[in-house]
> 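If you scroll down you'll find the structure; I have some questions about it.
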Amino acid sequence: MVVGDISTGTELLVIGGGPGGYVAAIRGGQLGLDVTLVEAEAYGGTCLNEGCIPSKAFIHVSDLAHEVENAEPMGLYARADVDMQGLVGWKDGVVSQLTDGVEKLSKANGVNLIEGRAEFVDDRTARVVHGGEGQGSESIEFEHAVIATGSRPVELPGFEFDGDRVLSSADALSLESLPESLLVVGGGYIGMELSTAFAKLGSDVTVVEILDDVLPGYDEEITRLVRDRAEELGIDFRFGEAAQGWQTADDAARVTTETEDGTVHEYDAERVLVAVGRQPASDTCSVESADLKPNDDGVIETDDSTRTPVEHIHAVGDVAGEPMLAHKAYREGRVAAEVIAGEPSRLDQQAIPAAVFTDPEIGSVGLNAEEAEAEGFDPVVGEMPMHASGRALTLGAEDGFVRIIADAETEFVLGARIVAPDASELIAEVGLAIEMGAQLADIAATVHTHPTLSEAVAEAAANARGSAIHTLNR
Ligand code: FAD
Ligand code: NAD
């Protein structure tokens with residue numbers, strides 16, 4: 001113990017107050033554990049402060065502005081003037097409401113909150129350096145710990161974030177003025193969501209992507225729809241180019257890229273957003289002092305009870321590896337607390353959904369047909385195009401489809417790919433079907449409200465059985 005430290009003890013120490021950490025803490029409190037949660041920056045972590053929530057607030061406003069300005073075919077003539085400070089102020093209000101909620105819910109569940117940076121001293125003790133100068137530190141002895149320190153954006157060499165010309169996603173979501181031109185490095189989740197939003201607000205957007213398509217991991221039929229729409233919005237894609245560096249030129253950033261054959265290109269833009277992935281933040285709390293060693297990717301490896309090789313220390317969320325999604329962190333946080341409290345809890349879900357909030361949105365859960373085949377199934381695929389959905393037409397959004405994959409023999413639902421308005425919501429029905437071991441007939445026979453987008457899910461299930469009404473059966 002350092003001289004001047006105060007010393008306390010806790011049954012469960014949670015390091016990091018993002019979706020993984022605060023869920024572990026609240027669930028631990030509910031189960032009667034004496035819990036201490038230490039957060040270095042802001043309750044709610046990346047997700048609430050600079051990730052999921054701010055980006056979706058931003059995307060919503062851009063959708064509104066774009067829709068209203070493009071509604072002439074529906075007989076609506078309007079102009080949307082974007083006030084970035086108003087937009088960012090509203091977004092910050094949404095964030096505050098949610099982060100305050102995390103703090104209040106934690107306290108209401110008996111969680112002891114400490115603001116500061118926690119570091120392991122050994123595998124039973126942590127030291128917390130309190131935020132702010134002269135705030136001191138304390139030593140905490142714990143029986144169990146949950147590491148939930150999250151992730152940070154990968155910094156591309158030559159593109160160090162300066163919050164001015166070279167922006168991280170967090171910087172881009174807090175700009176005071178709309179950039180006239182924006183160059184986005186990386187056409188993944190963040191690149192596609194934010195380039196779409198900035199293009200809708202009126203920025204001139206170029207996306208430089210090292211691969212030959214956007215959204216690695218998604219089927220070409222899906223990415224094509226999103227890419228085509230993005231191009232309609234004016235986004236210029238430069239595929240097969242790696243961003244190399246930048247310099248100031250004519251009051252802009254002049255970005256240099258290079259193709260595989262060595263051809264060099266240059267692009268000028270007022271701002272550059274770099275979104276080339278995120279890396280686990282496993283170096284913020286001296287895990288080696290607790291006998292833990294992250295793998296070569298910086299991930300703290302865990303088993304299906306979220307335990308690390310040091311049995312009484314768990315890791316959850318982004319620091320525990322892919323997929324780096326908030327709902328995966330939530331689930332792991334819950335399981336960690338339940339296992340520590342002695343409950344028979346495991347990470348035993350069949351499928352973790354994913355959604356991309358582009359235009360149209362993408363929702364994905366479980367297996368696609370190729371993956372199902374590779375796993376030994378004989379897949380049957382049912383599809384409902386959105387242009388056959390009455391509700392999609394009333395929204396003026398007819399691009400996309402709902403595709404359901406099932407096992408031909410048993411008709412058990414194996415997965416779905418949805419490209420549609422609100423695909424992020426629609427995918428939940430198929431996730432539930434997979435978790436419940438439902439068959440195609442269960443979805444097809446469920447009466448869905450009319451007119452809704454969810455009817456397309458039922459029609460896709462019926463289509464797989466040759467009994468769809470609103471689309472031709474194969
Ligand atoms: P984090 O949310 O990163 O929280 C970790 C916390 O630990 C931080 O608050 C940090 O300050 C704290 N911390 C770190 N070290 C210490 C220490 N030593 N002591 C004390 N505290 C410490 N996911 C989705 O599912 N859907 C989305 O739509 C989505 N959109 C996103 C948009 C953007 C722009 C970004 C960047 C991410 C998005 N994500 C989305 C991913 C999501 O934000 C993460 O998966 C999620 O936040 C992970 O939660 P976590 O608890 O593991 O870590
Ligand atoms: P990403 O991994 O999704 O995409 C990074 C992209 O950058 C890839 O397409 C990659 O090929 C490209 N790239 C890498 N190096 C490059 C270079 N030198 N030049 C040009 N392109 C290059 O990463 P991200 O977009 O930064 O997002 C990080 C993570 O955050 C995601 O993987 C996801 O886990 C999470 N996230 C989720 C959501 C959501 O759930 N809707 C939204 C945003 C972020």
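Remember, predicted model here, so these are calculated numbers, not experimental data. Indexing begins at 1, ligand by ligand and atom by atom, following the structure's order. Count residues from 1 along the sequence.
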> Write out the residue and atom name of the closest protein heavy atom to atom 49 (O) of ligand 1, then the distance separating them to 0.1 Å.
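Among all protein heavy atoms, the one nearest atom 49 (O) of ligand 1 is Pro19 CD, 3.3 Å.
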> Check each of Gly21, Cys52, Gly51 against atom 42 (C) of ligand 1 and report the one with the nearest heavy atom.
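Considering heavy atoms of Gly21, Cys52, Gly51, the nearest to atom 42 (C) of ligand 1 sits in Cys52.
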> Should you measure from each heavy atom of Ser151, which atoms of ligand 1 turn up under 4.0 Å away?
3 (O)
> In the protein, what heavy atom is nearest to atom 7 (O) of ligand 1, and what distance, to one decimal place, separates them?
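Minimum-distance protein heavy atom for atom 7 (O) of ligand 1 reads Gly16 CA, 3.2 Å.
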> Under 4.0 Å from a heavy atom of Glu193: give me the atoms of ligand 2 that qualify, with their elements.
39 (C), 41 (N), 42 (C)
> Should the proximity of Ile190 to ligand 1, defined as any heavy atom under 4.0 Å, be assigned to the side chain, the backbone, both, or neither?
side chain
> With under 30° as parallel and over 60° as perpendicular, where do the rings of Tyr189 and Tyr218 fit, or are they tilted in between?
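Perpendicular: the ring planes of Tyr189 and Tyr218 meet at over 60°.
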> For ligand 2, is any non-hydrogen atom under 4.0 Å from Val276's backbone (N, CA, C, O), its side chain (CB onward), both, or neither?
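Both backbone and side chain.
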> Which atoms from ligand 2 have a heavy atom of Val208 less than 4.0 Å away?
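Taking each heavy atom of Val208 in turn, ligand 2 has 20 (C), 21 (N) under 4.0 Å.
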> Within a distance under 4.0 Å of any heavy atom of Ala243, pick out the atoms of ligand 2 and give their elements.
18 (N), 19 (N)
> Within a distance under 4.0 Å of any heavy atom of Gly150, pick out the atoms of ligand 1 and give their elements.
1 (P), 3 (O), 5 (C), 52 (O), 53 (O)
> May I ask you to decide if Asp164's main-chain N or O and Arg271's side chain share a donor-acceptor pair within less than 3.5 Å?
yes
> Of the choices Arg278, Arg117, Arg152, Met324, which has the non-hydrogen atom that lies closest to atom 41 (C) of ligand 1?
Met324
> Just let me know how Lys56 lines up against ligand 1, side chain, backbone, both or neither, with a heavy-atom cut-off below 4.0 Å.
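Lys56 to ligand 1: side-chain contact only, backbone stays beyond 4.0 Å.
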> Which ligand 2 atoms are under 4.0 Å away from a heavy-atom of Phe357?
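Listed by number with element, the hits are 41 (N).
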> Could you see which bit of Ala355 sits under 4.0 Å from ligand 1, with heavy atoms only: side chain, backbone, both or neither?
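Under 4.0 Å from ligand 1, Ala355 contributes no heavy atoms.
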> Under 4.0 Å between a Lys/Arg side-chain N and an Asp/Glu carboxylate O for Arg224 and Glu221?
no
> Of the side chain and backbone of Ala40, name the one, both, or neither that has a heavy atom under 4.0 Å from an atom of ligand 1.
both
> Which of the atoms in ligand 1, numbered in the order shown and given with their element, are less than 4.0 Å from a heavy-atom of Ala42?
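Those atoms are 9 (O).
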> Using distance alone, determine whether Val319 and ligand 1 share an N or O pair under 3.5 Å.
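By distance alone, the answer is no.
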> Mind checking the CG-CG spacing from Leu173 to Asn49? Nearest 0.5 Å is all I need.
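Going from the CG atom of Leu173 to the CG atom of Asn49 covers 11.5 Å.
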> Should we count CD of Glu371 as having more than 12 external heavy atoms under 6.0 Å?
yes
> Heavy atom under 4.0 Å from ligand 1: found in Ser55's side chain, backbone, both, or neither?
side chain
> Could you check whether the rings of Tyr330 and Tyr22 sit parallel, tilted or perpendicular, using 30° and 60° as the cut-offs?
perpendicular
> Can you sort out which atoms of ligand 2 are near Val185, meaning under 4.0 Å from one of its heavy atoms?
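Selected atoms, number and element: 19 (N), 20 (C).
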> Could you check whether any heavy atom of Pro216 sits closer than 4.0 Å to an atom of ligand 2, since that is the contact criterion I want to use?
yes
> Any idea which part of Ala281 is under 4.0 Å from ligand 1, heavy-atom wise: side chain, backbone, both or neither?
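Neither; no heavy atom under 4.0 Å.
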> Among all protein heavy atoms in this structure, tell me which lies nearest to atom 8 (C) of ligand 1, with the distance rounded to 0.1 Å.
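Of the protein heavy atoms, Glu39 OE1, 3.5 Å lies nearest.
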> Is the CG atom of Asp296 crowded by more than 12 outside heavy atoms at less than 6.0 Å?
no
> What protein heavy atom is closest to atom 44 (C) of ligand 1, reported as residue, atom name and distance in Å?
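Atom 44 (C) of ligand 1 sits closest to the protein heavy atom Asp318 OD2, 3.4 Å.
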> Are any non-hydrogen side-chain atoms of Val207 and Val214 less than 4.5 angstrom apart?
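Not touching, per the 4.5 Å side-chain cut-off.
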> From atom 25 (O) of ligand 2, work out which of Ile190, Val154, Thr358, Asp212 has a heavy atom at the shortest distance.
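Answer by nearest heavy atom: Ile190.
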> So that I can tick it off, tell me whether Lys56 and Glu193 are bridged by a salt bridge, with the cut-off set at under 4.0 angstrom between side-chain N and carboxylate O.
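Salt bridge: yes.
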> With a cutoff of 4.0 Å, is Glu241 in contact with ligand 2, counting heavy atoms of the residue only?
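It does; at least one heavy atom falls under 4.0 Å.
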> Considering the options Thr259, Thr256, Thr257, which one meets the side chain to side chain donor-acceptor pair (under 3.5 Å) requirement together with Glu241?
Thr257
> Please state which part of Leu156 comes within less than 4.0 Å of ligand 2, counting heavy atoms only: side chain, backbone, both or neither.
side chain
> When you look for heavy atoms under 4.0 Å from ligand 1, do you find them on the side chain of Tyr43, its backbone, both, or neither?
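For Tyr43, there is no contact with ligand 1 at all, from either part.
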> Just going by heavy-atom distances, which of Ser169, Ser282, Ala354 is nearest to atom 34 (C) of ligand 1?
Ser169
> Which residue in the set Leu37, Val35, Val111, Leu31 passes side chain to side chain contact (heavy atoms under 4.5 Å, CB included) when paired with Leu12?
Val35
> Quick one: does Glu193 get within less than 4.0 Å of ligand 1, heavy atoms only?
no
> Just which atoms of ligand 1 are under 4.0 Å from any heavy atom in Thr284?
14 (C), 15 (N), 16 (C), 17 (C), 18 (N)
> Are side-chain N/O atoms of Glu332 and Thr306 paired as donor and acceptor at under 3.5 Å?
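Thr306 and Glu332 do not have a side-chain donor-acceptor pair below 3.5 Å.
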> Can you find a heavy atom in the side chain of Phe142 that is under 4.5 Å from one in the side chain of Ile15?
no
> May I ask you to list the atoms of ligand 1 that are less than 4.0 angstrom from any heavy atom of Leu325?
23 (N), 25 (O), 45 (O)
> Contact between Gly116 and ligand 1, counting heavy atoms under 4.0 Å?
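The answer is yes, since Gly116 has a heavy atom less than 4.0 Å from ligand 1.
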> So does Gln97 have more than 12 non-hydrogen atoms from other groups sitting under 6.0 Å from CD?
no
> What part of Ala355 sits under 4.0 Å from ligand 2 if we count only heavy atoms: the side chain, the backbone, both or neither?
backbone
> Atoms of ligand 2 less than 4.0 Å from Leu325 heavy atoms?
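Result: 37 (C), 40 (O).
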> Any nitrogen or oxygen of Arg278 lying under 3.5 Å from a nitrogen or oxygen in ligand 2? Just yes or no.
no
> Output yes when the distance from some N or O of ligand 2 to some N or O of Met324 is under 3.5 Å, and no in every other case.
yes
> Counting each atom of ligand 2 from 1 as listed, which ones have a heavy atom of Gly186 under 4.0 Å away?
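Every atom of ligand 2 under 4.0 Å from some heavy atom of Gly186: 6 (C), 7 (O), 12 (C), 21 (N).
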> Look at atom 2 (O) of ligand 1 and find which of Val128, Thr46, Asp283 reaches it with the closest heavy atom.
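Comparing heavy atoms across Val128, Thr46, Asp283, the nearest one to atom 2 (O) of ligand 1 lies in Thr46.
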> What part of Val214, side chain from CB on, backbone N/CA/C/O, both or neither, has a heavy atom under 4.0 Å from ligand 2?
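Neither part.
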> Please list the nearest protein heavy atom to atom 19 (N) of ligand 1 with its residue and the distance rounded to 0.1 Å.
Ala118 N, 3.0 Å
> With the side chain counted from C-beta on, respond yes when Trp90 and Val61 share a heavy-atom pair under 4.5 Å apart, and no when they do not.
yes
> What are the atoms of ligand 2, with element, lying closer than 4.0 Å to any heavy atom of Leu211?
11 (O)
> Out of Gly188, Gly51, Pro153, Gly277, whose heavy atom is nearest to atom 4 (O) of ligand 2?
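The residue whose heavy atom sits nearest atom 4 (O) of ligand 2 is Gly188.
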